[in-house]
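Comments concern the structure below.
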Amino acid sequence: MAHSHKDDDNRNTHNKRDNTEDHENHDHKGDSHGGGEHDHTGHHEMMIRDFRKRFFISVAFTIPILLLSPMLQDLLGFEFYLFPEYDRYILFALSSVVYFYGGWPFLSGLVGELKQRQPGMMTLIAVAITVAWGYSTATTFGVEGATFFWELATLIDIMLLGHWIEMKSVLGASRSLQKLVEMMPSEAHLLKNGDTEDVPVNKLKKDDVVVVRPGEKIPVDGIVAEGSSTVNQSMVTGESKPVKKTEGDKVIGGTINGNGSLQVTVEEVGEEAYLSKVIDMVREAQSKKSKTQHLADRIAFWLTIIALTAGFGTLATWLIIGQPFVFALERMATVMVITCPHALGLAVPLVVAISTSMAARYGLLIRNRTAFENTRKISLMIFDKTGTLTKGNFAVSRFGSLHDNFDDRQILKLAGALEKKSEHPLAAGIMQKVKDEEIEVPEADNFNAISGKGVEADVDNQKVKVVSPGFVKEKNIEIPEKAYRNEAESVVFVMVDEELAGFIALADEIREESFGAIKTLKESGIKLYMITGDNEKVAKSVSEELGLDGYFSGMLPDQKLEKLKEFQKNGEFVAMTGDGINDAPALAAADVGIAVGSGTDIAAETADIILVNSNPEDIASLILFGKATYRKMIQNFVWATGYNVVAIPLAAGVLFTAGILISPAVGAILMSASTVVVAVNAQFLRRQFRDH
């Protein structure tokens with residue numbers, strides 16, 4: 001299949017806040033530092049608790065700071081005293097606690113950013129609170145001027161709140177690798193001298209023989225030495241039907257054995273096992289993500305440069321002009337405090353908190369916010385088939401009579417009488433349909449399996465068979481055309497007293513919502529492909545029925561990943577939608593990974609976004625939500641930083657000769673107004689979500 005795409009190097013633009021080693025590494029799906037994802041998640045939760053604790057303690061100290069602040073008392077026209085002669089020292093002591101305790105994440109963050117030579121939000125906050133504390137301390141102990149203590153405290157409170165909201169709203173480090181490892185059984189039944197012994201899987205060696213009992217997970221990659229069974233491989237290979245395994249067939253560790261007992265000769269264990277290789281692919285894909293810095297960091301970087309340049313420039317300019325040092329120092333402090341807008345610290349977290357909570361209400365769980373914002377860039381979408389576009393279970397799609405003596409329900413009734421005694425994978429689908437149709441099935445006597453062809457039994461004094469098309473053809477009975485619709489279906493036939501009575505067609509049904517989702521996405525100009533582990537006939541049928549741009553069948557996880565990377569190399573911004581372990585590496589490597597909620601935990605843990613309701617139509621809603629969220633974020637950046645264009649020159653005193661000078665109090669009001677605008681604007685996002 002030929003493809004032509006434009007070149008573009010701007011891929012995998014997932015978010016990683018590289019600001020500080022201690023406090024900012026919480027935006028991406030999970031790093032693999034060899035130390036285990038469980039520890040990483042625990043660290044993330046500990047950080048959330050730490051920010052929450054610092055926030056509440058700082059707020060408790062901020063209340064008396066506000067009451068004791070002379071500037072605030074003048075602004076609001078009230079008086080409050082504890083010990084009139086010592087209140088300024090009490091104010092200093094309380095503010096120092098907030099500065100050192102509440103401000104510690106930002107002060108340590110400053111060190112981390114400077115070590116990495118990437119000054120950003122932490123540097124900007126740390127500079128502002130240090131200047132405010134240093135200048136206010138100087139004025140407390142003799143230097144003429146007003147204190148910034150209440151601004152210092154509220155700035156720290158709001159920044160702590162912003163970081164706490166941010167970390168809560170975006171799920172932390174991924175537990176996907178932990179979950180993948182948990183899929184593998186830890187013990188196996190080793191066969192030795194005719195007896196079985198339970199041993200740890202990591203103690204097994206090549207050519208050992210293990211026994212796998214019905215319903216158990218297969219512990220190793222190996223070859224069936226004895227026995228036969230059906231094995232559910234859907235979570236690994238994506239095949240919709242359980243696969244028959246007999247002597248000489250290969251089995252994969254982590255897949256689930258059906259009703260038969262198997263003896264398996266060990267081929268691969270440990271790092272060489274198939275699932276281990278999938279784990280490695282997920283780890284590698286995740287470690288390559290989140291390379292770009294967040295937009296807020298870039299803005300913060302430039303604001304830091306502006307704050308330092310404007311601050312020290314203001315101090316130097318006023319000293320050169322001949323103004324007193326105290327005046328020049330106050331101008332410098334005002335400029336630096338104003339340059340660190342409270343609003344910038346809330347611009348992203350507020351929008352994220354609202355968009356993630358609103359999206360969750362509509363069945364979209366956002367794990368990686370940058371991927372969510374990037375949904376607006378999607379140019380090509382890859383779908384897994386089984387469980388994503390289709391329902392993922394083999395169900396009766398049609399049934400009917402082919403004989404005048406029987407009606408449709410009788411066909412299902414007779415088949416149910418036989419299949420309730422069968423262990424065949426198709427039997428479960430037929431019995432589910434019997435249950436749904438509320439059909440009472442009669443007893444079957446003299447039940448017998450016709451090797452490889454079907455089953456037979458006596459029902460109500462009639463000889464009934466449920467058999468394959470091959471068996472019917474062997475009997476030279478012509479099959480009417482109405483029994484077949486498309487190649488995605490498996491059809492079995494019901495024979496009564498050697499006459500063809502009816503048919504039952506089973507298929508992994510296409511979800512009704514898939515048709516609407518494909519139509520909406522096509523209208524958005526997105527190319528749509530299906531990559532599945534299922535066979536060519538089934539893949540072709542589903543692709544044609546849905547009107548996709550193309551499909552790839554029989555694809556294993558590593559092949560899905562390679563195909564996705566090929567699309568990315570050709571300049572496409574690729575979204576991947578899937579639900580199984582077989583999709584995990586591709587979900588992790590995609591520019592936007594979307595997991596269907598009915599799928600495995602593994603798929604959900606490696607994806608950026610989870611569709612809780614397993615409804616493909618939610619993907620179209622997701623893209624609209626992503627666009628609205630991104631727009632709101634940009635608007636907030638403009639609001640959060642735009643007032644600096646006016647406020648910084650005025651704070652520096654460029655219009656001093658005209659009698660216009662921003663006092664620290666007015667600067668504080670401007671900061672508050674900017675914060676309120678950002679908060680209100682973020683709330684409008686709720687209405688946009690409801691409109692969609």
Side-chain angles (χ1 to χ4, degrees), residues 214 228-232 234 239-246 258-260 391 393-509 535 537-538 541:
S228 70
S229 183
T230 55
V231 175
N232 183 347
S234 62
E239 289 164 288
S240 47
K241 279 194 287 189
V243 180
K244 183 83 173 166
K245 298 288 183 183
T246 55
N259 295 319
K391 291 180 179 174
N393 56 359
F394 232 64
V396 173
S397 52
R398 299 177 302 123
F399 63 96
S401 168
L402 298 173
H403 196 290
D404 294 339
N405 292 345
F406 301 95
D407 64 30
D408 293 350
R409 285 175 65 84
Q410 276 180 291
I411 298 303
L412 206 55
K413 180 179 176 180
L414 291 169
L418 273 66
E419 297 295 4
K420 73 175 180 181
K421 296 193 172 187
S422 171
E423 295 176 353
H424 194 278
L426 298 182
I430 291 172
M431 292 314 296
Q432 184 59 49
K433 189 67 174 176
V434 167
K435 187 181 173 187
D436 293 345
E437 295 284 328
E438 298 179 349
I439 293 172
E440 287 283 331
V441 294
E443 282 302 313
D445 300 313
N446 303 319
F447 181 87
N448 179 46
I450 308 166
S451 182
K453 302 286 174 63
V455 290
E456 61 182 355
D458 295 331
V459 181
D460 294 338
N461 299 318
Q462 295 171 303
K463 195 76 178 170
V464 180
K465 293 185 175 76
V466 179
V467 291
S468 66
F471 183 89
V472 178
K473 285 172 187 169
E474 280 175 19
K475 298 288 183 185
N476 294 317
I477 297 172
E478 192 177 333
I479 298 172
E481 279 186 25
K482 74 177 263 191
Y484 293 112
R485 187 170 69 182
N486 62 50
E487 291 179 321
E489 290 182 330
S490 292
V491 183
V492 294
F493 293 92
V494 177
M495 295 181 69
V496 180
D497 296 332
E498 302 303 321
E499 287 192 55
L500 189 60
F503 74 93
I504 299 173
L506 297 99
D508 183 9
E509 271 185 286
N535 63 60
K537 283 182 180 177
V538 173
S541 170

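The first residue in the sequence is number 1, and the count goes up from there. Below, each value reflects all heavy atoms present in this structure, side chains not excepted, and no hydrogens, waters or symmetry copies.
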Interatomic spacing from [atom1] in [X] to [atom2] in [Y] - rounded to 0.5 Å:
X: Glu499; Y: Leu402; atom1: CD; atom2: CG; result: 12.0 Å
X: Glu438; Y: Arg409; atom1: CD; atom2: CZ; result: 8.0 Å
X: Asp460; Y: Gln410; atom1: CG; atom2: CD; result: 9.5 Å
X: Lys465; Y: Leu500; atom1: NZ; atom2: CG; result: 12.0 Å

- Message: Could you work out, with ring pair (Phe, Tyr, Trp, His ring centres under 6.0 Å) as the rule, every residue matching Phe406, not counting sequence neighbours?
- Response: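 Here the qualifying residues are His403.
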Within-4.5 Å side-chain heavy-atom neighbours: [X] and [Y]:
X: Val396; Y: Ile430; result: yes
X: Lys463; Y: Asp458; result: yes
X: Gln462; Y: Val459; result: no
X: Ile477; Y: Phe493; result: no

For residues [X] and [Y], report the shortest heavy-atom separation together with the two atoms involved.
X: Ala505; Y: Val491; value: CB-CG2, 4.1 Å
X: Ala417; Y: Ala444; value: O-CB, 3.5 Å
X: Ala415; Y: Val466; value: CA-CG2, 3.9 Å
X: Pro469; Y: Ile479; value: O-CD1, 4.3 Å
X: Gly400; Y: Asp408; value: CA-OD1, 3.4 Å
X: Val434; Y: Leu412; value: CG2-O, 3.8 Å

- Using side-chain contact (heavy atoms from CB on, under 4.5 Å) as the criterion, list what pairs up with Lys420, not counting sequence neighbours.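 Lys420 satisfies side-chain contact (heavy atoms from CB on, under 4.5 Å) with Met431, Val441, Glu443 only.
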- Query: Listed by chain and number, what are the salt bridge (charged side-chain N to carboxylate O under 4.0 Å, His left out) partners of Glu440, not counting sequence neighbours?
  - Reply: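 Glu440 satisfies salt bridge (charged side-chain N to carboxylate O under 4.0 Å, His left out) with no residue once adjacent residues are dropped.
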- Item | side chain to side chain donor-acceptor pair (under 3.5 Å) between Glu456 and Asn448, worked out | CA-CA 5 Å; Glu456 61 182 355; Asn448 179 46; 3.0 Å; yes
- Query: Run the side-chain contact (heavy atoms from CB on, under 4.5 Å) check on Ile411 and Phe503 step by step: do they pass?
  - Reply: CA-CA 7 Å; Ile411 298 303; Phe503 74 93; over 6 Å; no
- Ser228 side chain to Thr246 backbone, donor-acceptor under 3.5 Å: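 The answer is no, because no donor-acceptor pair under 3.5 Å joins these two groups.
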- Message: Taking atom CG as the centre, does Asn405 end up with more than 12 heavy-atom neighbours from other residues, nucleotides or ligands that are less than 6.0 angstrom away?
- Response: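 Atom CG in Asn405 is packed in, count exceeds 12.
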